[in-house]
Amino acid sequence: MDKPLKTRNDFLRKTSSIYDALSLNMPSKEHEEARKFFLQSTTTRITIVYIMKNFFEYKLITASDVYSELSPRHGSKSSIVNFISKGVKKDYFYFHKKGDDNRKKYLFPTEKFTKIWCAFLSRSEGVPLDKNINWKQIISPPDFL
């Protein structure tokens with residue numbers, strides 16, 4: 001558990017980490033392009049956090065679930081649909097059908113994007129990624145697919 005934020009310096013460190021993650025160049029061109037993609041607008045930022053939160057919680061979501069949850073409060077349905085469509089074209093997301101129900105297509109981040117997202121989180125928290133990270137466990141979709 002993180003230590004509680006108490007001093008001005010604690011808040012400075014957290015603020016600096018967030019600033020660095022949002023504004024400094026990422027370690028590769030691929031990371032930089034992805035970061036620019038998900039930081040385009042308030043809508044894209046909220047949408048990507050929603051998608052990744054559900055992914056890490058092993059919750060199955062469809063594109064319809066995303067815009068039903070976020071629109072209109074956090075953006076228009078069309079802007080969210082457009083963001084997801086562009087993400088699929090850029091190989092940041094993909095759709096997967098669950099074996100017993102071919103009607104629903106569940107939305108997942110790709111392995112490539114998940115690693116980029118984790119690097120972004122690492123920077124925003126000011127904490128390095130562990131050298132022995134088990135990427136297979138991090139990027140795997142739920143076992144019940």
Quiz item: Which heavy atom of D130 sits nearest a heavy atom of N132, and at what distance?
Solution: OD1-N, 2.6 Å

Self-check item: Minimum-distance pair of heavy atoms, taken over all atoms of T43 and G75
Solution: OG1-CA, 3.5 Å

Practice problem: Any salt bridge (charged side-chain N to carboxylate O under 4.0 Å, His left out) involving residues 20-29? Give me the pairs, sequence neighbours left out, ordered by first then second residue. | Solution: K29-E33

Quiz item: Are V49 and Y19 linked, directly or through other ILVMFWY residues, by side chains that come within less than 4.5 angstrom of each other?
Solution: no

Exercise. Decide if the gap between the ring center of F55 and the ring center of W117 is smaller than 6.0 angstrom.
Key: no

Self-check item: salt bridge (charged side-chain N to carboxylate O under 4.0 Å, His left out) contacts in which one or both residues fall within residues 114-123, not counting sequence neighbours
Solution: E111-K115

Exercise. Please round to the nearest 0.5 Å and tell me the distance separating atom CZ of F56 and atom CD1 of I51.
Key: 12.0 Å

Quiz prompt | Any donor-acceptor N/O pair, S122 side chain to C118 backbone, under 3.5 Å | solution = no

Practice problem: Please name all residues satisfying salt bridge (charged side-chain N to carboxylate O under 4.0 Å, His left out) with R8, sequence neighbours left out, ordered by chain then number. | Solution: none

Practice problem: May I ask you to test the K6-F11 pair for a side-chain heavy-atom distance under 4.5 Å? | Solution: no

Exercise. Scan for side chain to side chain donor-acceptor pair (under 3.5 Å) pairs involving residues 63-73, sequence neighbours excluded, and state none if there are none.
Key: T62-D65

Quiz item: According to the side chain to side chain donor-acceptor pair (under 3.5 Å) rule, which pairs have a member within residues 79-93, sequence neighbours left out?
Solution: S76-S79

Self-check item: K112 atom NZ: more than 12 heavy-atom contacts under 6.0 Å
Solution: yes

Exercise. Could you tell me which non-hydrogen atom of F108 sits nearest to which non-hydrogen atom of L60, and how far apart they are?
Key: CZ-CD2, 3.6 Å

Self-check item: Enclosure of F95 CZ (heavy-atom neighbours >12, cutoff 6.0 Å)
Solution: yes

Self-check item: F113 and F38 aromatic centres sub-6.0 Å
Solution: yes

Self-check item: Closest non-hydrogen atom pair, S124 against S17
Solution: O-CB, 3.2 Å

Exercise. Given side chain to side chain contact (heavy atoms under 4.5 Å, CB included), test N134 with I138 step by step and report yes or no.
Key: CA-CA 6 Å; N134 180 351; I138 301 294; 5.6 Å; no

Quiz prompt | Hphob cluster co-occupancy, V127 + I133, side-chain heavy atoms under 4.5 angstrom | solution = no

Exercise. Calculate, to the nearest 0.5 Å, the distance between atoms CD1 and NE2 belonging to I80 and H74 respectively.
Key: 8.5 Å

Exercise. Mind checking the CE-CG spacing from M52 to N54? Nearest 0.5 Å is all I need.
Key: 10.5 Å

Quiz item: With N9, which residues qualify under side-chain contact (heavy atoms from CB on, under 4.5 Å), at least two apart?
Solution: T7, L12, R13

Quiz prompt | Nearest non-hydrogen partners of A34 and I116, listed with the distance | solution = CB-CG2, 3.7 Å

Quiz item: About how many Å separate CZ of F83 and CD1 of I46, when rounded to the nearest 0.5 Å?
Solution: 11.5 Å

Quiz item: Does the side chain of Q40 come within less than 4.5 Å of R45's, by heavy atoms?
Solution: no

Quiz item: Below 4.5 Å, heavy atoms only, C-beta onward: do V88 and Y94 meet side chain to side chain?
Solution: no

Quiz item: What's the spacing between I61 CD1 and Y106 OH if we round to 0.5 Å?
Solution: 11.0 Å

